[in-house]
Amino acid sequence: MQPVFALVDCNNFYASCEKLFRPDLNDLPVIVLSNNDGCVVARSKEAKALDIKMGVPVHQIQDKIHHQQIVVFSSNYALYADISHRVMTTLASLTPEVEVYSIDEAFCEVGTLRLLQSFTELGLNIRATVQQHIGMTVCVGIAPTKTLAKLANHGAKKYPATQGVVDLTDPARQQRLMAMVPVEDVWGVGRKISKRLNAQGITTALQLAQADPKTIRQQFSVVLERTVRELNGQPCFTMETQPTAKQQIVVSRSFGQRMVNMDLMREAISDFIATGCYKLRKERRKAKTMSFYFTTSYFAKGPRHSGYQVIHLAQASDDPRVFSSRMSQELPTLWRDGFPYAKAGVMFADFERPDVTQLSLFDQPSDGKSERLLATIDQIHAQGLGRLYFASQGNHQPHWQTKQLHRSPSYTTKWAELARVR
DNA sequence: TCTGGGGTCCTAGGACCC
DNA sequence: TCTGGGGTCCTAGGACCC
């Protein structure tokens, strides 16, 4: 049996999460900012109506925020992750297979459900149930391929007459919608590629669907060829319900203030390393390679500089002390005094599973001390008994911490910040 | 003054081997 | 004078996604 994909996508997800706990904001324009309160990453429909663009730096719209009384939030990922989990759990109760595709959307395989109801009825039911259980509004696009399901969802969002559900299983309907959708709105077609396609006279999804897949592969890549085939109803992407093991782990931040002191930089990077190692342990992996970098602002007019260094370990590790001491050795050789560094980060790669760690000839097998120490620290954190830091992380966080001037309470993940009902 | 963070996949090109 | 071809592995960079 041919698969049928339903793409369920939350509307204005971050902004909607904030509104869930603030009914007083119901009809007000709300925006959510990226880390460091840098740019706009989510807008409520009222904010969209005020023509606030996605990704715009917040300092460029300060006046508008003030005059239109736009409500501003810093990102609160703990809250969004928790709401996301609730949405996904509800979807899992309604459909046989769920692939969590991102924090605010999921593909559901619904081919077998056609015997019970029409796809439109199914979509409306999903929408009503998520609304009732969580208070989150979703749109549903249903089609024989993931790319067409994305397109259907796009239509459901754009045209209110659809009531948020588009069944795109009918080829004639596919053609009609594709003719209306600009090619840059197709899943997998970004800025660069749409520009090149436009230059060739391909401006709509339908024109891309009608292009010759072999030619597209030659001129672009196998990736875009798959997109063309998917637009024609030929599935190239399947459901991926098992979370795949990560290939790399990245921790990077922009600083709240420019960093001009090497010792503070060392502390900041050590802190990122500690976070990364925690993520490694959560994934049950050890890394053989870590790289770190620090850089001046990409946008700054003044002099620029960045340092970058890859560190290879003989033996994979998830212990921050191992990575931090190597980073500490290398940092002075990369550092330049006088540059206002704006951002830094660490990347872990070359993962091994802890239970199959390969020792080299001269390595001592671990005595388990480090593992027990780290496990104890993780446990203390998990139980909320306080926070432990390695000395290399320092105690100067306020000097470089990201800005978060508008963060909402952790309504669902911290006892002290639970929502109150009066 | 003020511009996010975390991922994946693919490709081209170089090093190296036989 | 004449200077191969095919394979693998690795890395960097580019494109995309949310």
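Throughout, protein chains are lettered first and strands after them, A, B, ... in sequence-line order, and every chain is numbered starting at 1.
Phosphate proximity of B:dG6 to A:Ser252: present, with a side-chain N or O under 4.0 Å from OP1 or OP2. Between A:Arg258 and B:dT1 there is no side-chain N or O to OP1 or OP2 distance below 4.0 Å. Of the side-chain N and O atoms in A:Lys343, one or more sit less than 4.0 angstrom from OP1 or OP2 of B:dG5. Distances shown here put every side-chain N or O of A:Arg226 at or beyond 4.0 Å from the OP1 or OP2 atom of B:dC9. Listed pair A:Ser75 / B:dG5 fails the phosphate criterion, with no side-chain N or O lying under 4.0 Å from OP1 or OP2.
Stacking of A:Lys146 on the aromatic ring of A:Phe107 is recorded, both the 6.0 Å distance cut-off and the 45° axial limit being met.
Using a 4.0 Å heavy-atom criterion, one finds that A:Ile103 contacts no nucleic acid atom at all. A:Val310 comes within 4.0 angstrom of no nucleic acid atom, judged by non-hydrogen atoms across all strands. Residue A:Gln62 is out of contact with every strand shown, counting any heavy-atom pair closer than 4.0 Å. Using a 4.0 Å heavy-atom cutoff across all strands shown, A:Lys150 reaches sugar-phosphate atoms only and no base atom. Within 4.0 Å of A:Val58, counting heavy atoms only, lies no atom of the nucleic acid at all. Counting any heavy atom pair closer than 4.0 Å across all strands shown, A:Tyr101 reaches sugar-phosphate atoms only and no base atom. Across all strands shown, A:Ile193 has heavy atoms under 4.0 Å from sugar-phosphate atoms exclusively, and none from any base. Counting non-hydrogen atoms under 4.0 angstrom, A:Val56 reaches nothing in the nucleic acid.
Rounded to whole Å, atom C1' of B:dG5 lies 9 Å from atom NZ of A:Lys279. Atom OH of A:Tyr341 and atom P of B:dT3 are 17 Å apart (whole Å). Going from atom NZ of A:Lys246 over to atom P of B:dT8 covers 7 Å, rounded to whole Å. In this structure, the CG atom of A:Asp37 is 11 Å from the P atom of B:dG5, given to the nearest Å. Look at OH on A:Tyr293: it is 16 Å from C1' on C:dA12, rounded to the nearest Å. For A:Phe255 and B:dC2, the CZ to C1' distance is 17 Å, given to the nearest whole Å. What separates CZ of A:Phe299 from C1' of B:dC2 is a distance of 11 Å, to the nearest Å. Following rounding to the nearest Å, A:Gln219 (CD) and C:dG14 (P) show an atom-to-atom distance of 21 Å.
Comparing A:Lys403 and A:Arg253, the nucleotide of DNA chain B nearest to each residue sits closer to the 5' end for A:Lys403. Between A:Val222 and A:Gln248, it is A:Gln248 whose nearest contact on DNA chain B lies nearer the 5' terminus.
Without hydrogens or angle criteria, A:Arg43 side chain to A:Ile31 main chain gives no donor-acceptor distance under 3.5 Å. Remark: the backbone N or O of A:Gly38 is not paired with any side-chain donor or acceptor of A:Asn36 at under 3.5 angstrom.
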- Carefully, step by step, assess A:Met265 and A:Trp400 under the rule side-chain contact (heavy atoms from CB on, under 4.5 Å). CA-CA 9 Å; A:Met265 180 66 84; A:Trp400 49 266; over 6 Å; no

- Query: Between A:Phe348 and A:Phe323, does a ring pair (Phe, Tyr, Trp, His ring centres under 6.0 Å) hold up when you go through it step by step?
  - Reply: CA-CA 10 Å; A:Phe348 296 86; A:Phe323 293 107; 5.1 Å; yes

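Pair assignment for C:dG13 gives B:dC10, based on Watson-Crick or G-U wobble hydrogen-bonding distances that are each under 3.5 Å.
Comparing C:dC18, B:dT11, B:dT3 against the side chain of A:Glu105 picks out C:dC18 as the nearest. When the nucleotides B:dT3, C:dC18, B:dG5 are ranked by their closest atom to the side chain of A:Ser254, B:dG5 comes out on top. In the set B:dG6, B:dT3, B:dG5, B:dT3 carries the atom at the smallest distance from any side-chain atom of A:Gln60. When distances are taken from the side chain of A:Val251 to each of B:dG4, B:dG6, B:dC10, the shortest belongs to B:dG6. Here the nucleotide nearest the side chain of A:Trp187, chosen from C:dC18, C:dC16, B:dT3, is C:dC18. Comparing B:dT3, B:dG4, C:dC18 by their nearest atom to the side chain of A:Tyr77 picks out B:dG4.
The minimum heavy-atom distance between A:Ile103 and A:Met88, with the atom names listed, is O-CE, 3.8 Å.
For the residue pair A:Tyr411 / A:Glu18, no side-chain donor-acceptor distance below 3.5 Å is found, with atom types taken as modelled.
Between C:dG4 and B:dC17, the two C1' atoms lie 14 Å apart (nearest whole Å).
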